[in-house]
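Remarks on the structure that follows.
The sequence lines fix the lettering, A, B, ..., with proteins before strands; numbering per chain opens at 1.
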Number of protein chains: 2
Amino acid sequence: MLATMTFFDETAVTAADKTFFQLRKDIVEGVVLAGSKLSETELSTKYSVSRAIIREAINRLESCNLVERKANVGARVVALTPEGLIELYQVRESLEGMAARLAAKNMTSQEIDDLNALLNTHFQKVKTGESYYQEAGDVDFHYRIILGSKNRHLITMLIDGIYHLVRMYRVQLGMSGPRITTAFDEHRHIVQAISNRDEELAEMLMRRHIMYSQRNVETKLEQS
Amino acid sequence: MLATMTFFDETAVTAADKTFFQLRKDIVEGVVLAGSKLSETELSTKYSVSRAIIREAINRLESCNLVERKANVGARVVALTPEGLIELYQVRESLEGMAARLAAKNMTSQEIDDLNALLNTHFQKVKTGESYYQEAGDVDFHYRIILGSKNRHLITMLIDGIYHLVRMYRVQLGMSGPRITTAFDEHRHIVQAISNRDEELAEMLMRRHIMYSQRNVETKLEQS
DNA sequence: GTTTAATTGATTGTCGACAATTTAAGGTGG
DNA sequence: CCACCTTAAATTGTCGACAATCAATTAAAC
């Protein structure tokens with residue numbers, strides 16, 4: 001069933017939508033380089049749409065914190081800095097910690113069962129030694145908890161505003177690394193706390209989980 | 001000197017800026033009613049600008065979570081619901097708690113001194129019995145700590161994304177109420193923790209402070 | 001030779017008109 | 001009388017052209 005869990009089916013209805021999604025993808029995956037300038041006319045010809053469309057797309061990208069715009073000057077893709085990554089993780093720790101707390105409070109039994117099922121399939125892959133996690137599994141897990149919080153603001157901020165940036169860092173700095181089995185155990189404990197409706201513990205464990213991930217990323221940065 | 005602390009001097013350089021600021025003000029203050037439809041042509045004549053300007057302004061308002069837009073249908077000012085207010089406070093508790101933690105870590109001695117000075121002027125007003133707080137003082141205090149976190153994402157999310165909504169709730173639901181002296185003491189303790197560079201305590205106290213405020217607002221909602 | 005001023009070129013901001021879609025009204029058939 | 005289809009009005013989406021602003025190059029003055 002829900003194989004590639006694309007949760008909020010962002011169906012592009014308008015041309016500006018399509019262009020926005022395409023541009024976002026190209027930026028996140030580094031097709032459009034970090035720090036590069038976004039010329040409206042240039043992109044207009046490249047994506048075969050009018051400048052108005054490009055402008056709207058760029059405006060939305062600015063809302064996602066993927067580009068920065070200056071009046072009468074133009075827009076640039078954000079630069080990827082170590083400080084920026086740290087700041088991102090601090091926000092994640094805060095918001096996802098609260099998400100876990102609220103998930104422990106608001107997720108239905110069914111949703112918790114599904115979450116356990118997801119974890120089991122992950123465990124099977126870990127046991128059989130398949131190359132696990134790299135992206136998809138981890139993202140799925142976090143998305144479910146975020147959605148489980150049932151807090152619209154929280155969901156919007158994280159999914160629309162933070163996660164694309166996180167992915168941009170991961171992709172462009174080549175962060176796919178290990179940290180697999182330990183992360184799996186951490187996920188298990190978090191789900192356990194949610195099952196027990198232990199809000200306090202769920203938040204604490206999620207914050208720790210993200211802190212560990214942050215430190216893992218920091219050491220990776222130092223190496224390069 | 002810094003009387004009406006308008007921190008991030010949002011100077012309107014372009015016409016879209018001006019219209020955005022004006023429209024945001026009108027929405028927050030209820031001149032444009034919550035839940036009402038935003039007709040592009042109508043606003044275009046009302047504010048004497050082209051539709052393109054209005055569209056850009058509405059897009060930005062959507063980024064602030066002040067309006068919701070549906071493709072090919074239009075934009076509406078968000079509806080104010082008790083649940084929405086709760087969700088807002090949950091996010092604030094999370095983000096401002098982290099802000100206090102980071103402020104304890106990153107604020108300069110000078111900034112902490114200024115914060116203490118601000119608190120003293122507030123105390124004078126409390127002592128002399130002047131009508132205090134209603135808005136300005138409280139906002140000033142929170143803004144300083146948010147900015148003191150030195151975390152760009154945190155700052156943007158709170159100041160550009162949350163606080164206008166909070167103010168919209170306060171203005172339109174007539175939340176100016178009491179809760180003055182107790183809030184002042186809470187502020188004092190938070191600043192004390194920041195002075196001591198006690199990150200843990202600063203976060204905890206800020207989260208409590210916001211929780212108290214939330215409960216205060218909830219009881220007010222029940223009354224009406 | 002260095003700094004300042006002016007001009008040119010290119011980019012962004014703004015506008016009005018046209019196309020596509022939705023909503024409402026009206027009519028037709030069951 | 002209700003349901004469905006058709007049609008018309010209004011609203012949003014998209015476009016190309018023009019105006020305003022900024023960056024760079026060149027010219028001028030000290």
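- Distance alone, capped at 3.5 Å, places no donor-acceptor pair between the Arg51(B) side chain and the Thr41(B) backbone.
- We find that CG of Leu43(B) is positioned 12 Å from P of dT11(D), with the value rounded to whole Å.
- Heavy atoms of other residues, nucleotides or ligands lying less than 6.0 angstrom from NZ of Lys25(B) number 12 at most.
- Atom C1' of nucleotide dG13(D) and atom CD1 of Ile54(A) are separated by 15 Å, given to the nearest angstrom.
- Taking Tyr163(A) as the reference, Tyr143(A) meet the ring pair (Phe, Tyr, Trp, His ring centres under 6.0 Å) condition, with sequence neighbours excluded.
- Here the P atom of nucleotide dC15(C) and the CD atom of Glu40(B) are 14 Å apart, to the nearest Å.
- Both Ile53(A) and Val73(A) sit near DNA chain D, but only Ile53(A) has its closest nucleotide nearer the 5' end.
- For Ser39(A), taking side-chain heavy atoms from C-beta onward, the closest of the listed nucleotides dG13(C), dG13(D), dT12(C) is dT12(C).
- Contact between the side-chain N/O atoms of Thr41(A) and the OP1/OP2 oxygens of dA10(C) is not found at any separation under 4.0 Å.
- If you check dG13(C), dG13(D), dC15(D) against the side chain of Asn72(B), the one that comes closest is dG13(D).
- With rounding to whole Å, Glu56(A) atom CD is found 7 Å from dG13(D) atom P.
- Atom CG of Asn59(A) and atom C1' of dG13(D) are 15 Å apart (whole Å).
- Using a 4.0 Å cut-off, no side-chain N or O of Arg51(A) falls inside it from OP1 or OP2 of dC15(D).
- When the side-chain nitrogen and oxygen atoms of Lys37(B) are compared with OP1 and OP2 of dT12(D), one or more of them lie within a distance under 4.0 Å.
- Separating the NZ atom of Lys70(B) from the P atom of dA20(C) is a distance of 24 Å, rounded to the nearest angstrom.
- Within 4.0 Å of Leu38(B), counting heavy atoms only, lie sugar-phosphate atoms of the nucleic acid but no base atom.
- Taking atom CZ of Arg55(A) as the reference point, atom P of dC15(C) lies 12 Å away to the nearest angstrom.
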### Task
List the steps, then state whether side-chain contact (heavy atoms from CB on, under 4.5 Å) holds for Leu102(A) with Lys150(A).
CA-CA 8 Å; Leu102(A) 295 175; Lys150(A) 310 287 175 72; over 6 Å; no

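- Regarding Arg76(B), its CZ atom lies at a distance of 15 Å from the C1' atom of dT12(D), rounded to whole Å.
- The closest donor-acceptor contact from the side chain of Asp17(A) to the backbone of Thr14(A) lies under 3.5 Å.
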